[in-house]
Structure formats: C-alpha cells, structure tokens
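For this chain, numbers begin at 1 and follow the sequence in order.
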Amino acid sequence: MSRTPLIIDCDPGVDDAVALFLAFAAPDVFDLIGITTVAGNVNAELTARNARILRQIAGREDVPVYAGCQRPLVRRPVEADAFHGASGLGDMAVFEPAAPAAAGHAVDFLVQAVMSRPAGSVALAVTGPMTNLAAALALEPRLASHLGQVVAMGGARSEGGNITASAEYNIYADPHAAQVVFEACRDVVVLGLDATHQVRATDDRLAAIAAIPRPAAKAAAELLVFANRVERELVGGTASPLHDPCTIAYLLAPQLFTTRPCRLSVETASPLTLGHTAVEFRLKSPDEANALWVSAVDAQGVFDLLTERLARL
Ligand code: BDR
Ligand code: CA
C-alpha cells in the first residue's frame with residue numbers, strides 16, 4: 001500500500017508533541033513531508049523550536065520543519081502557556097536542537113507541497129490555530145479543492161469551551177482564520193472537545209506508555225504527567241484530555257471515531273462568545289455540510305494505538 005503524504009500544522013504544545021510522536025512512529029503509513037508551525041500555545045519562535053526538539057528526540061530529523069505565521073489574522077495573540085508551560089513543552093528539559101528549520105515560510109511550503117502533488121493526495125492535520133492554512137488559502141484559493149483529507153482539532157458543541165465558557169482554544173486563538181477555512185473547505189474532519197474530552201490519560205494508560213523503554217515514549221509520558229498535573233490544578237479533573245493526537249489517530253484508524261456531517265460556522269464578532277463553533281446538523285441538503293463532526297471516540301482504542309506505535313519509535 002502506498003503511503004499517505006502528510007503535513008502536520010501545529011503549535012507544540014504538550015499534546016501537539018504527542019501527536020507528532022504518533023505520526024513519527026508511523027513511517028509505514030505516512031510520508032511525513034513537512035511540519036509547519038504557528039503562533040499559538042506559545043509564540044511562533046518557540047513552537048518552531050519545539051517541533052525541531054521533538055523530531056530530534058524521535059530521531060526524525062529527516063522531516064523538515066517550516067516556521068509559520070507569527071500572529072493571528074486579526075485578533076491579538078492569546079497564548080496558552082498556563083496549560084503548556086513557559087517553553088510550551090511542560091517541564092521537559094528543552095535544548096537548542098542540532099538541525100535548523102527549513103528555509104522558507106510555512107505558508108509557501110503548504111501551497112507548494114500540496115499544489116505540486118496530485119489533487120486529493122496530501123493529507124493535513126491541523127493541531128493549532130488555523131492561521132497558516134487560512135493564509136495559504138488566501139495565497140492559493142485552489143488549495144481548498146486540491147487538498148486531500150483535512151483533520152483538525154478545534155471547537156466544541158456540547159462541551160462548551162476550555163479557554164472561555166463558549167470557545168475552544170485553537171478556534172478562539174484565531175477565529176477569523178478558522179472561519180476562512182470552514183468557508184473554503186469541505187469535509188474537514190473536526191475533533192472538538194466533545195470528542196477529545198472522551199480520550200483521557202488515566203493512570204493505567206499513562207503507565208503503559210511510561211513503561212516503553214524508548215526516548216519518545218519517555219518524553220510523551222513526561223508530557224502527559226505534566227498535563228495531568230495542570231488538569232488537577234487548573235481544571236479540577238484527574239486525567240487530561242488527549243486533544244491533538246486524536247487527529248493522527250483518526251488518519252491511522254478512522255474506525256475508532258464516529259462522525260456526523262454538519263455545517264460548522266465560527267463566531268467572529270461577539271466579544272462574549274468569540275471563537276464559538278456553531279455546529280448545525282439540520283441540513284437542508286448534503287451540499288450544506290462543510291465538516292464531519294466527531295461525536296464519539298473509542299478512547300481505549302486510541303491509547304492502544306498510541307502505545308503500540310510509540311513502542312516502535
Ligand atoms: C487545543 O488547544 C491547545 O492548547 C492544545 O494544544 C490543543 O490543540 C485544545 O483545546
Ligand atoms: Ca495544539
């Protein structure tokens with residue numbers, strides 16, 4: 001079977017880091033043609049550096065990292081360092097990576113990498129604010145129809161929000177970019193909080209990862225321990241949700257996820273509900289759908305997949 005060309009657009013980020021490890025650990029499935037980074041959980045300089053650190057830990061310096069947009073399209077930057085630590089990688093020991101970022105801007109890379117390959121062939125996982133993708137769509141509108149499967153972590157319906165009462169962080173951090181993406185693209189698989197809050201790093205799941213004697217698994221376990229501490233201290237829960245790795249898990253094992261076609265729109269005007277995702281299932285015709293909303297996840301299946309893959313990395 002031929003491998004899927006994949007780009008991961010991310011803002012590492014503790015859970016982005018685990019998503020990257022999961023993708024690094026599936027070279028038989030993915031031809032990981034690039035990682036693009038964006039300002040989000042921490043500033044753009046740190047997210048690009050963190051992606052380079054993570055690929056070095058995983059021994060995947062063959063994967064180019066392209067630094068991307070330094071601020072959202074319209075709104076002021078809002079970071080989530082309370083959830084990810086000042087470095088973006090929890091309390092992991094960070095270092096200056098050996099290999100530099102690739103030459104060129106992430107947005108140019110996205111356009112060039114997708115448009116130079118056959119239509120529908122390149123998959124894109126988006127695990128941060130959608131600034132890079134929105135900018136790429138402005139640069140090359142045909143990108144929307146040329147992209148293959150797009151899987152994004154963002155939004156919430158039943159779960160309210162995690163950065164405000166009504167908004168999820170990735171959409172809140174750049175709501176205008178998200179609205180550009182959902183207006184342009186069709187069939188975006190959307191893993192909002194309704195899905196990712198089902199996938200929790202319980203003690204036994206974390207112990208299974210920590211027991212793997214490999215550098216990336218050790219780093220993943222360390223990051224999840226940090227995330228669980230934040231979950232206890234800031235949210236009052238016990239096991240943190242595994243948001244971003246669900247995008248890669250979906251691409252590896254879509255049978256673990258239940259989806260429902262919807263029309264997704266983003267609130268960009270109201271200060272009170274900025275970044276809220278309105279998810280409408282009552283469609284007058286199938287053409288109205290722009291997204292597939294993930295409503296249910298086999299959480300143990302996702303953790304089994306993650307554990308099994310990390311053991312190979
Ligand atoms: C999303 O927000 C970020 O803080 C995480 O990395 C994840 O992408 C969850 O709402
Ligand atoms: Ca993220």
Side-chain angles (χ1 to χ4, degrees), residues 2-13 15-41 44 47-52 54-55 58 60-69 99 101-154 170 174 177-178 180-182 184-191 243-252 254:
S2 67
R3 299 185 305 155
T4 304
L6 172 66
I7 300 170
I8 303 177
D9 187 43
C10 57
D11 62 336
D15 57 329
D16 302 78
V18 181
L20 289 174
F21 287 150
L22 179 55
F24 289 145
D28 53 323
V29 180
F30 301 129
D31 172 14
L32 194 46
I33 56 179
I35 296 168
T36 52
T37 57
V38 67
N41 287 322
T47 58
R49 182 208 58 181
N50 291 349
R52 290 158 54 223
L54 297 162
R55 72 174 174 179
R60 290 299 312 270
E61 283 149 300
D62 58 300
V63 181
V65 171
Y66 294 87
C69 294
H105 195 281
V107 173
D108 290 321
F109 167 74
L110 268 170
V111 171
Q112 186 276 333
V114 174
M115 298 308 291
S116 64
R117 289 175 170 79
S121 65
V122 178
L124 176 67
V126 185
T127 68
M130 293 179 164
T131 321
N132 283 339
L133 180 52
L137 286 163
L139 199 60
E140 176 47 276
R142 290 174 302 168
L143 190 67
S145 56
H146 212 83
L147 267 166
Q149 178 88 81
V150 179
V151 185
M153 191 282 136
N170 285 342
D174 198 341
V180 165
V181 168
F182 287 110
C185 297
R186 290 184 56 85
D187 298 333
V188 180
V189 174
V190 186
L191 286 141
H243 302 290
D244 294 341
C246 286
T247 59
I248 308 300
Y250 180 89
L251 289 165
L252 288 169

Exercise. Taking all non-hydrogen atoms of both residues, which atom of G154 and which atom of V190 are closest, and how far apart?
Worked result: O-CG1, 3.2 Å

Problem set entry | Least distance between heavy atoms, L137 atom then A144 atom | CD2-N, 3.6 Å

Exercise. Among L110, V126, I8, which one satisfies side-chain contact (heavy atoms from CB on, under 4.5 Å) with T36?
Worked result: L110

Seminar exercise, completed: Paired with Q149, the side-chain contact (heavy atoms from CB on, under 4.5 Å) test is passed by just one of D187, L124, V189, namely V189

[X] side chain vs [Y] backbone, donor-acceptor pair below 3.5 Å:
X: N132; Y: G68; result: no
X: T247; Y: V151; result: no
X: R55; Y: A51; result: no

Exercise. How about R142: does its CZ atom have over 12 heavy atoms from other parts shown lying under 6.0 Å from it?
Worked result: no

Working to the nearest 0.5 angstrom, can you tell me the gap between [X] [atom1] and [Y] [atom2]?
X: I248; Y: F24; atom1: CD1; atom2: CZ; answer: 10.0 Å
X: Q112; Y: R117; atom1: CD; atom2: CZ; answer: 7.0 Å
X: S121; Y: H146; atom1: OG; atom2: NE2; answer: 6.5 Å
X: T127; Y: D11; atom1: OG1; atom2: CG; answer: 6.0 Å
X: L147; Y: L133; atom1: CG; atom2: CG; answer: 6.5 Å
X: L20; Y: L54; atom1: CG; atom2: CG; answer: 6.0 Å

Exercise. Are any non-hydrogen side-chain atoms of M115 and L143 less than 4.5 angstrom apart?
Worked result: yes

